[in-house]
2 protein chains.
Amino acid sequence: MNHAKPSPVGRRRPRQSDIARAAGVSQATVSLVLRGTPEGMALAKSTRQSVLNAAEELGYVPDPVATRLAAATNGMLGLYTFSTTFPTEVAHSYYPILVGVEEEATAQGQDLILFTGSARAASRADDPAAVRRVRVADGCLFFGRHVPEGPIRRLTEDGFPFVYIGRRDEPGVPYVGADYVSASAEVVGRLAAAGHHHLRYLREHDQAPASVDREEGVLRGARAAGLDTSAMVVRTDGHDLDAHLRSWREEGVTAVVVEQTDTGAALAALGAAVERAGLRCPDDLSLALLGAPTGTRGTAPGGGAVYSGFDVPMREMGRDAVRLLLELISGAPEPPTRRLLPCEPVAGGTIAAPTATGPNTRKA
Amino acid sequence: MNHAKPSPVGRRRPRQSDIARAAGVSQATVSLVLRGTPEGMALAKSTRQSVLNAAEELGYVPDPVATRLAAATNGMLGLYTFSTTFPTEVAHSYYPILVGVEEEATAQGQDLILFTGSARAASRADDPAAVRRVRVADGCLFFGRHVPEGPIRRLTEDGFPFVYIGRRDEPGVPYVGADYVSASAEVVGRLAAAGHHHLRYLREHDQAPASVDREEGVLRGARAAGLDTSAMVVRTDGHDLDAHLRSWREEGVTAVVVEQTDTGAALAALGAAVERAGLRCPDDLSLALLGAPTGTRGTAPGGGAVYSGFDVPMREMGRDAVRLLLELISGAPEPPTRRLLPCEPVAGGTIAAPTATGPNTRKA
DNA sequence: TCAAGGACCTAATACGTATTAGTGAAACTC
DNA sequence: GAGTTTCACTAATACGTATTAGGTCCTTGA
């Protein structure tokens, strides 16, 4: 199809060679004028000027694709998610990340490539090509709970600049995450201070860092408050909550802590179960939510109360990730390249002192 | 920097020439096998197989940049706005467009380039390079109230596929817009049917198609209902509304129609003026809003009532625009390439029959 | 046996820019 | 005035893939 265009030269968009002809210099000179000369190389002012004039005259604009192929940069950052859906939906808890990334990219004059199509392809077949695609950009941001290690490792090996949004275990992978550990510990501390000594922590089955960190924080906070942590952590997919709730009540549990997931399913399931059990929150049971994105915090069952817990600064994570990525691209990252942002405690209305009625009074 | 890599061949990502060497064929053959042969060209099964094997072995993945440079497509669609801010903010009324575009792009396996950075650059200096940049993609979507004609015309001349989201006057420009004319006429008809015979239509000063169409619809609806349209249209920047409101009341105006703008400023200004004037809506004054994006409709001053009027199917416009763009890229657009989508009437709670109290009763 | 035709593949080139090695000329050095 | 610098620029090549115009060799048919 290339050769199908005999290119009526007047109608073609101008390239450097056109400028070169018009200014009576070589294409290389045009590139040097337009792109800037390397250290210590001189160009006559007159030459520079006539090239600039010709470029202006012809309405020249560099072709970003060619620019990129010739190993320069193209001012584009990629954004790739391993979730099946891209978080353009407002309801999606990852959405603030997108907002933050976009804000900072705009501020930095970078365009953004949303790898939505290839992400989808990758989810159907486990196609490494999909991830490899991000190389059109100068660098790429990744996020999502679950990450295929292979493609990422490959990018690392190739020296392709990227930043993960969320903490990662793999050594050497730059990331911007949230300090779930401290924040979770603080929440548990708050519960303990309110008088709760028997609590449960509800988490998902998988081993995503976001879950691991929250559990660690919960346990750390519990131990710091002198609580018994032996039966504290409960893994659930949300289907057995009614039974759980019943037994916890009998065991004297007065507070439940839940982790926020990207869909918010765990919390929703718990809320529903609490309502079914006819429990009032926080009167009969205190609840705490570990990490909703700022501003998307839901309200507790039965009342208009906002969930107590902490907020995750997703938007700021997005912004910071863009900054870090640009530093990596420019080759001089300001350390650290693995960053954890503090989370904002939220007082909310779902934590209260345990009441003296019902099984809650039982001590043991 | 290109030549700085003596390429320790093991560590470089494989290209077609590597496969060629491994399979004992030429690079061209590799391309033919991988990309598919043109009509009527044959390849030995054994050759094909060994190329495929080698490709698999080496973990080959085509370089999207080179692919694009070689004049093929790259599965990327651009999204460019002429607004100064990209509508990632939920509050932004254009936001649903972004959602729609993203949805459909994902569904069609296309990646999305948000030209946020270059858009910003363009707003600072009127840089044609910024728009030209969209050519990295196979095609591009544009939107925004105000459009520099030059760059767009240039793209048309170059035969670059693009679709405008919103109606355009320029002949030949493909677009997906909303049928503001019919929808606006319907709203005025509704007001007339409720007994309003003196109304005002508030619009902005500029001549964006979105405003022009609404005005045409308002006038058409008014004439169909036999209303006097002579003083109906009022252009305002929102600063003189208090005075306007007062005189309208004296003239017996019982209803005001406002157009929705991307920021919602006009509506907000009117709402504030109505409150300052101590008027109740719809008791003292009926209000109608022409075209908020679905689901973002605000509530009227003083009460929880939703504005009456119509909704703009922005999300669907986004989706349809992606479809149209893909048709254009494939070269066989299903006509028409200029499309208007119907708007959804919204009953709302800000239209009521004019009351018999106050100046409203005056007939003339 | 020779030409015609087909099957299968390769050489060459294009896409548009970036970069480096090098060239010719002028200016300077001693 | 031969050697050295400096200046100002160009030739050549690389980036990785797509495409087309042939080129070989092998069958066929007459």
Side-chain angles (χ1 to χ4, degrees), chain A residues 1-7 12-21 23-51 55 58 60-75 129 132-133 135-136 158, chain B residues 1-7 12-21 23-51 55 58 60-75 129 132-133 135-136 158:
Chain A
M1 197 161 289
N2 277 340
H3 308 245
K5 284 190 243 163
S7 292
R12 212 193 39 198
R13 66 199 184 119
R15 19 183 136 162
Q16 290 188 348
S17 57
D18 297 323
I19 300 179
R21 206 171 316 114
V25 296
S26 72
Q27 174 268 322
T29 303
V30 174
S31 175
L32 289 173
V33 170
L34 265 28
R35 195 105 217 296
T37 59
E39 195 70 24
M41 181 181 245
L43 276 181
K45 282 208 182 80
S46 59
T47 306
R48 182 182 302 276
Q49 202 40 251
S50 59
V51 166
L58 296 173
Y60 171 79
V61 158
D63 179 335
V65 179
T67 305
R68 179 61 180 165
L69 180 60
T73 61
N74 60 8
R132 185 65 72 85
R133 240 177 109 66
R135 305 188 66 116
V136 236
D158 289 353
Chain B
M1 199 160 289
N2 279 340
H3 308 246
K5 283 188 243 163
S7 294
R12 211 192 40 195
R13 68 200 185 117
R15 21 180 140 174
Q16 290 188 346
S17 56
D18 297 324
I19 300 179
R21 205 171 319 113
V25 297
S26 73
Q27 175 267 323
T29 304
V30 174
S31 175
L32 290 173
V33 169
L34 264 29
R35 195 105 216 296
T37 59
E39 195 70 24
M41 182 180 244
L43 277 180
K45 282 208 182 80
S46 59
T47 305
R48 182 183 303 277
Q49 202 39 252
S50 61
V51 166
L58 296 174
Y60 171 79
V61 158
D63 180 334
V65 181
T67 305
R68 176 63 180 163
L69 181 59
T73 61
N74 61 5
R132 186 62 72 81
R133 236 178 111 66
R135 305 190 67 116
V136 236
D158 289 354

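Note: hydrogens, waters and symmetry copies are ignored here, and every other heavy atom, side chains too, is used.
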Is [X] close enough to [N] that one of its side-chain N or O atoms is under 4.0 Å from OP1 or OP2 there?
X       : N      : value
B:Arg68 : C:dC15 : no
A:Gln27 : D:dA11 : no
B:Ser31 : D:dA18 : yes
A:Arg15 : C:dC15 : yes

Picking from [options], which would you name as closest to the side chain of [X]?
X       : options                : result
A:Ser26 : C:dG16, D:dT10, C:dT10 : D:dT10
B:Arg35 : D:dA18, C:dA18, C:dT10 : D:dA18
A:Ala70 : D:dC9, C:dC9, C:dT17   : C:dT17

Determine the contact category for [X]: base if any of its heavy atoms lies under 4.0 Å from a base atom, sugar-phosphate if only primed atoms, P, OP1 or OP2 are that close, otherwise nothing.
X       : result
A:Val65 : nothing
B:Val30 : nothing
B:Ala28 : base

Go through the steps for B:Val25 and B:Val33 under the test side-chain contact (heavy atoms from CB on, under 4.5 Å), then give the verdict.
-> CA-CA 11 Å; B:Val25 297; B:Val33 169; over 6 Å; no
Side chain of A:Thr67, backbone of A:Asp63: donor and acceptor closer than 3.5 Å?
->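 Yes, the answer is positive, given that a donor and an acceptor are paired below the 3.5 Å cut-off.
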